[in-house]
Amino acid sequence: MTVRTRFAPSPTGYLHIGGARTALFCWLYARHHGGQFILRIEDTDRERSTQAAVQAILDGMQWLDLKHDQGPFYQTHRFERYRQVAQQLLTAGHAYHCYCSKEELEQMRAEQLARKQKPRYDGRCRNHSIPRAGVQPVIRFKNPLTGQTVVNDLVRGQVVYDNSELDDLIIARSDGTPTYNFTVVVDDMDMQITHVIRGDDHLNNTPRQINIFSALRAPPPAYAHLPMILGPDGAKLSKRHGAVSVMQYREEGYLPEAVINYLVRLGWSHDDQEIFSRDEMVKYFDIQDVNKSASAINPEKLLWLNQHYIKSADPNTLAPELGWQLGRIGVPVQDPAKLAAVVRAQLERAKTLREMAQASRFFFEEFSDYDPKAADKNLTAESLPALRDIRARLALLNDWSAPAVHSALEAAAAALGLKLGKVAQPVRVAVSGSGVSPPMDVTLEVLGRELSLARLDRAIGWIAAHTAADPELFG
RNA sequence: GCUCCCUUCGUCUAGAGGCCUAGGACGGAGCCCUCUCAAGGCUUAAACACCGGUUCGAAUCCGGUAGGGAGCGCCA
């Protein structure tokens with residue numbers, strides 16, 4: 001029997017971290033066993049489901065490179081099938097019409113709560129359901145009254161429920177549309193799902209679903225309920241911290257490889273390994289190794305992984321993403337050929353591509369002002385000779401390369417009897433406008449001769465103007 | 001309230017009765033390297049929720065307590 005897993009989101013919002021992790025585990029399990037991964041859109045709630053949300057989910061999965069083998073199947077396209085199966089249950093005596101009004105049910109519920117009981121349908125229409133004029137009945141599933149239902153969960157182990165705890169759930173609303181616990185069973189059965197891997201908020205639904213399976217005389221799939229993902233503060237995920245769209249991670253400059261690697265280690269591990277390639281994940285992933293307890297998101301670790309993947313990426317593949325990030329912060333990229341070189345220069349000093357873009361503005365556009373602190377410290381009368389000297393040496397270079405620039409910097413330092421830093425730092429401020437940049441030699445190489453010399457001239461002029469206006473500097 | 005689930009450093013985790021003086025990773029601290037920022041290297045602090053039991057021996061097994069979570073809809 002080939003393994004078939006499914007990811008079954010309801011399209012009421014974007015794909016967030018929790019959903020992505022569920023999708024990843026489903027995908028991994030299928031891949032690990034050479035099986036198939038099915039995407040199913042659970043859109044029976046027509047009020048809340050939107051096409052935009054479907055697209056957002058598809059986009060998110062594509063960005064994370066989680067390809068499904070079949071689907072997407074839409075539950076709204078299968079209403080005829082659900083009607084048919086509901087009828088089958090009715091005929092076989094496993095379901096019945098219930099004419100209770102919503103008000104009646106609400107009252108029942110309130111009374112039970114008042115008596116400190118678990119709210120549940122008391123089955124008053126189960127044996128004598130009396131049609132009421134003008135009332136369209138719902139269909140309820142006849143849950144077994146006695147005995148136990150055992151869920152052999154692949155991550156939780158054996159979980160036993162008394163059937164007396166379960167009530168007769170509605171499988172079709174009065175307007176004829178089917179409900180969640182029913183459509184899931186029909187779909188998992190029809191789509192021959194072998195392993196249901198989902199969030200553990202569904203654990204309590206599982207015995208009901210198993211009972212429907214038996215009424216349908218179909219074998220239930222194996223179940224694996226994944227622990228929740230919590231926000232960094234250990235509280236439930238919220239939009240403030242993590243329950244954001246996975247696409248927002250792209251916008252913030254994360255690589256999909258980093259997000260996937262982060263997610264796979266949330267609730268799963270393989271010895272002490274932290275970094276996993278796709279192939280390694282597929283090879284090692286097993287549901288047995290999934291943890292039972294919820295895990296909190298650790299943004300620092302995600303950042304660390306992201307930096308790891310930035311460092312080890314091919315600069316050429318990152319170049320377009322950096323270009324995109326620069327565009328997002330309003331920096332025009334006239335020379336896309338420069339992007340890969342900038343990536344190479346910044347690889348080790350950016351945790352996200354957005355950070356990289358912010359730190360790389362000066363490569364692509366003129367800065368308006370020097371960073372005041374950096375200028376105060378480095379663009380001074382004292383540094384003027386060094387700047388003039390290095391400017392002259394650089395102008396003479398016929399090989400504008402990092403090693404050549406480096407030699408020039410060293411020569412200038414030696415000639416003036418200064419440490420390298422005393423020459424390099426003023427140059428850094430002159431060409432980048434700030435006190436932080438990649439090493440001077442590669443920065444100048446990437447910047448190019450023309451821009452480098454122009455910015456040195458600008459700085460020399462700036463110092464002249466500012467020191468002249470400030471006699472104190474001459475003591 | 002009822003049912004079900006969970007509990008190892010701040011966080012992610014290793015650990016299936018002796019290999020545990022509890023290992024790794026992120027983050028923290030310190031040192032080294034260094035033209036800035038990083039990256040890198042080395043060092044270091046930091047945890048078995050609690051109480052009882054079983055056992056020669058328990059982070060590991062059992063029971064209870066406490067804390068946290070989920071579910072209980074004509075939502076999914």
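Keep in mind the model is a prediction, meaning the values are calculated, not measured. In the text below, chain A, chain B and the rest are named by the order of the sequence lines, each starting its count at 1.
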Q: Nearest whole Å is fine: how far is B:G1 P from A:E111 CD?
A: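 Checked: the CD to P distance equals 20 Å.
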Q: Would you mind classifying the nucleic acid contact of A:S174 as base, sugar-phosphate or nothing, using non-hydrogen atoms under 4.0 angstrom?
A: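 Here A:S174 touches the bases of the nucleic acid.
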Q: Between B:A70 atom C1' and A:K118 atom NZ, what is the distance in whole Å?
A: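 The distance from NZ of A:K118 to C1' of B:A70 comes to 12 Å, rounded to the nearest Å.
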Q: Would you mind pulling out the nucleotide paired to B:C37, Watson-Crick or G-U wobble, both distances under 3.5 Å?
A: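 Paired with no nucleotide.
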Q: Looking at A:E80 and A:R83, is there a salt bridge between them, counting it only when a charged N and a carboxylate O are closer than 4.0 Å?
A: yes
Q: Short of 4.0 Å, heavy atom to strand atom, which residues of residues 152-171 of chain A count as contacting RNA chain B?
A: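 Nucleic-acid contacts, sorted: A:R156, A:V159, A:V160, A:Y161, A:E165, A:I170.
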Q: Can you tell which of B:C35, B:U36, B:C12 lies closest to the side chain of A:K301?
A: B:C12
Q: Please state the C1' separation for the pair B:C50 and B:C31 - nearest whole angstrom.
A: 40 Å
Q: Is A:T44 touching bases, backbone alone, or none of the nucleic acid, heavy atoms closer than 4.0 Å?
A: sugar-phosphate
Q: Using the side chain to side chain donor-acceptor pair (under 3.5 Å) rule, take A:R78 and A:Q75 through it: C-alpha gap first, then chi angles, then the decisive distance, then the call.
A: CA-CA 5 Å; A:R78 289 172 47 77; A:Q75 292 190 320; over 6 Å; no
Q: Answer yes or no: is there a side-chain heavy-atom contact under 4.5 Å between A:L420 and A:L409?
A: yes
Q: Base, sugar-phosphate or nothing for A:P207? Non-hydrogen atoms, less than 4.0 Å.
A: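 Here A:P207 touches no strand at all.
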Q: With P as the reference atom in both, quote the distance from B:G68 to B:G52 in angstrom, rounded to an integer.
A: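 Per the computed distance, 23 Å lies between those P atoms.
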Q: Ignoring hydrogens and geometry beyond distance, is the side chain of A:N204 in donor-acceptor contact with the base of B:A70 at under 3.5 Å?
A: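 Indeed there is one.
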Q: Below 4.5 Å, heavy atoms only, C-beta onward: do A:R40 and A:V184 meet side chain to side chain?
A: yes
Q: Hey, does A:H225 reach any base, or is it just sugar-phosphate, or nothing, if we go heavy atoms under 4.0 Å?
A: nothing
Q: Tell me the partner of B:C20, counting only Watson-Crick (N1-N3 plus N6-O4 or O6-N4) or G-U wobble (N1-O2 and O6-N3) with both under 3.5 Å; none if nothing fits.
A: none
Q: In Watson-Crick or G-U wobble terms, both distances under 3.5 Å, what is the partner of B:A25?
A: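 Base partner found: B:U11.
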Q: Please report the distance separating the C1' of B:G73 from the corresponding atom of B:G67, rounded so that it comes out in whole Å.
A: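 Their C1' atoms lie roughly 29 Å apart.
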Q: Applying a 3.5 Å limit to both distances, which nucleotide forms a Watson-Crick or G-U wobble pair with B:C61?
A: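 B:G53 - that is the nucleotide pairing with B:C61, both distances being under 3.5 Å.
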Q: B:U11 P sits how many Å from A:L303 CG, rounded?
A: 19 Å
Q: When the distance from CD1 of A:I229 to P of B:G69 is rounded to whole Å, what number comes out?
A: 17 Å
Q: Say you pick atom P in B:A49 and the same atom in B:U8; how far apart are they, in whole Å?
A: 6 Å
Q: Between A:D168 and A:Y96, do the side chains contain an N or O donor and an N or O acceptor separated by less than 3.5 Å?
A: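 Judged by distance alone, the side chains do pair up.
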Q: Taking only the C1' atom of each, what is the distance from B:C32 to B:A47 in whole angstrom?
A: 30 Å
Q: Is there a donor in the side chain of A:S164 and an acceptor in the side chain of A:D162, or the other way round, less than 3.5 Å apart?
A: no
Q: Nearest nucleotide by nearest heavy atom, which residue falls closer to the 5' end of RNA chain B, A:E42 or A:R115?
A: A:R115
Q: Nearest to the A:R428 side chain among B:U36, B:C74, B:A76, which nucleotide is it?
A: B:U36
Q: For A:F276 and B:G24, what is the distance between atoms CZ and C1' respectively, to the nearest whole Å?
A: 12 Å
Q: Is any side-chain nitrogen or oxygen of A:K351 closer than 4.0 Å to OP1 or OP2 of B:A39?
A: yes
Q: With side chains defined as the heavy atoms from C-beta onward, is the minimum distance between A:R126 and A:L145 less than 4.5 Å?
A: yes
Q: Let's see if you can work this out: which of B:A76, B:U11, B:G1 has an atom nearest to the side-chain heavy atoms of A:N298?
A: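 Output: B:U11.
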Q: Check if the side chain of A:S437 and the base of B:C37 share a donor-acceptor pair of N or O atoms closer than 3.5 Å.
A: no
Q: For A:S295 and B:U13, is the shortest distance between a side-chain N/O and OP1 or OP2 below 4.0 Å?
A: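 Indeed, a polar side-chain atom of A:S295 lies that close.
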Q: Rounded to whole Å, how long is the line connecting atom CZ of A:R349 with atom C1' of B:U36?
A: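 Atom-to-atom, A:R349 to B:U36, this comes out as 9 Å.
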Q: Name the pairing partner of B:G1, where a pair is Watson-Crick or G-U wobble with both distances under 3.5 Å, or state none.
A: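 B:C72 is the nucleotide pairing with B:G1.
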Q: Is a side-chain donor-acceptor pair under 3.5 Å present for A:D43 with A:T76?
A: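 A:D43 and A:T76 do have a side-chain donor-acceptor pair below 3.5 Å.
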Q: Give the nucleotide from the list B:U11, B:C72, B:A70 with an atom nearest to the side chain of A:K236.
A: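 Closest nucleotide among those given: B:A70.
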Q: So, under a plain 3.5 Å distance rule, would you say the side chain of A:D272 forms a donor-acceptor pair with the base of B:G23?
A: yes
Q: So, is A:Q307 close to the B:A39 phosphate, meaning a side-chain N or O under 4.0 Å from OP1 or OP2?
A: yes
Q: Once you apply a heavy-atom cut-off of 4.0 Å, does A:K292 come out as touching a base, just sugar-phosphate, or nothing?
A: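 Sugar-phosphate, backbone atoms only, no base.
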Q: Check whether the ring centres of A:H68 and A:F73 lie less than 6.0 Å apart, and answer yes or no.
A: no
Q: For atom C1', what is the distance between B:C48 and B:C20, given to the nearest Å?
A: 10 Å
Q: Given that both distances must come in under 3.5 Å, which nucleotide forms a Watson-Crick or G-U wobble pair with B:C42?
A: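 Result: B:G30.
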Q: Taking atom types as modelled and ignoring hydrogens, do the side chains of A:S295 and A:R265 form a donor-acceptor contact shorter than 3.5 angstrom?
A: no
Q: Do the side chains of A:E42 and A:R198 get close enough for a salt bridge, i.e. N-O under 4.0 angstrom?
A: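 Looking at A:E42 and A:R198, the cut-off is not met.
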Q: Quick one: which of B:A14, B:A76, B:C26 gets closest to the side chain of A:S269?
A: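 Selected nucleotide: B:A14.
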Q: In whole Å, I'd like the distance from the CG atom of A:N205 to the C1' atom of B:G71.
A: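 Rounded to whole Å, this separation is 7 Å.
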Q: Please report the distance separating the P of B:C61 from the corresponding atom of B:A25, rounded so that it comes out in whole Å.
A: 27 Å
Q: Could you tell me how far B:A70 sits from B:C37 if I compare only their C1' atoms? Round to whole Å.
A: 46 Å
Q: Ignoring backbone atoms, establish whether A:K311 has a side-chain N or O less than 4.0 Å from OP1 or OP2 of B:G40.
A: yes
Q: Could you check how far CG of A:N291 sits from P of B:C12, rounded to whole Å?
A: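 Distance check: A:N291 CG to B:C12 P gives 10 Å.
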Q: OP1 or OP2 of B:G73 less than 4.0 angstrom from a side-chain nitrogen or oxygen of A:R109, does that happen here?
A: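 Answer yes for this pair, as a side-chain N or O of A:R109 is under 4.0 Å from OP1 or OP2.
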Q: Is the base of B:G24 touched by the side chain of A:E274 through a donor-acceptor pair closer than 3.5 angstrom?
A: yes
Q: Do A:E111 and A:Q107 meet the criterion of a side-chain donor-acceptor pair at a distance under 3.5 Å?
A: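 Side chains of A:E111 and A:Q107: pair found under 3.5 Å.
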Q: Does anything in residues 177-185 of chain A reach RNA chain B, meaning a heavy atom under 4.0 Å, and if so which residues?
A: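 By residue number: A:T179, A:Y180, A:N181.
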Q: Which part of the nucleic acid does A:L266 contact within heavy-atom distance under 4.0 Å: base, sugar-phosphate only, or nothing?
A: sugar-phosphate
Q: Tell me if the centroids of the rings in A:F285 and A:F25 come within less than 6.0 Å of each other.
A: yes
Q: Tell me the partner of B:G67, counting only Watson-Crick (N1-N3 plus N6-O4 or O6-N4) or G-U wobble (N1-O2 and O6-N3) with both under 3.5 Å; none if nothing fits.
A: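 Base-paired to B:C6.
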Q: Between A:Q273 and A:A350, who's closer to the 5' end of RNA chain B by nearest nucleotide?
A: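 Nearest-nucleotide comparison on RNA chain B picks A:Q273.
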Q: What I want to find out is whether A:D187 reaches A:R6 closely enough, with some N-O distance under 4.0 Å, to be called a salt bridge.
A: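 Salt bridge absent between A:D187 and A:R6.
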Q: Pick base, sugar-phosphate or nothing for A:G199, based on heavy-atom distances below 4.0 Å to the nucleic acid.
A: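 Counting heavy atoms under 4.0 Å across all strands, no contact is made by A:G199.
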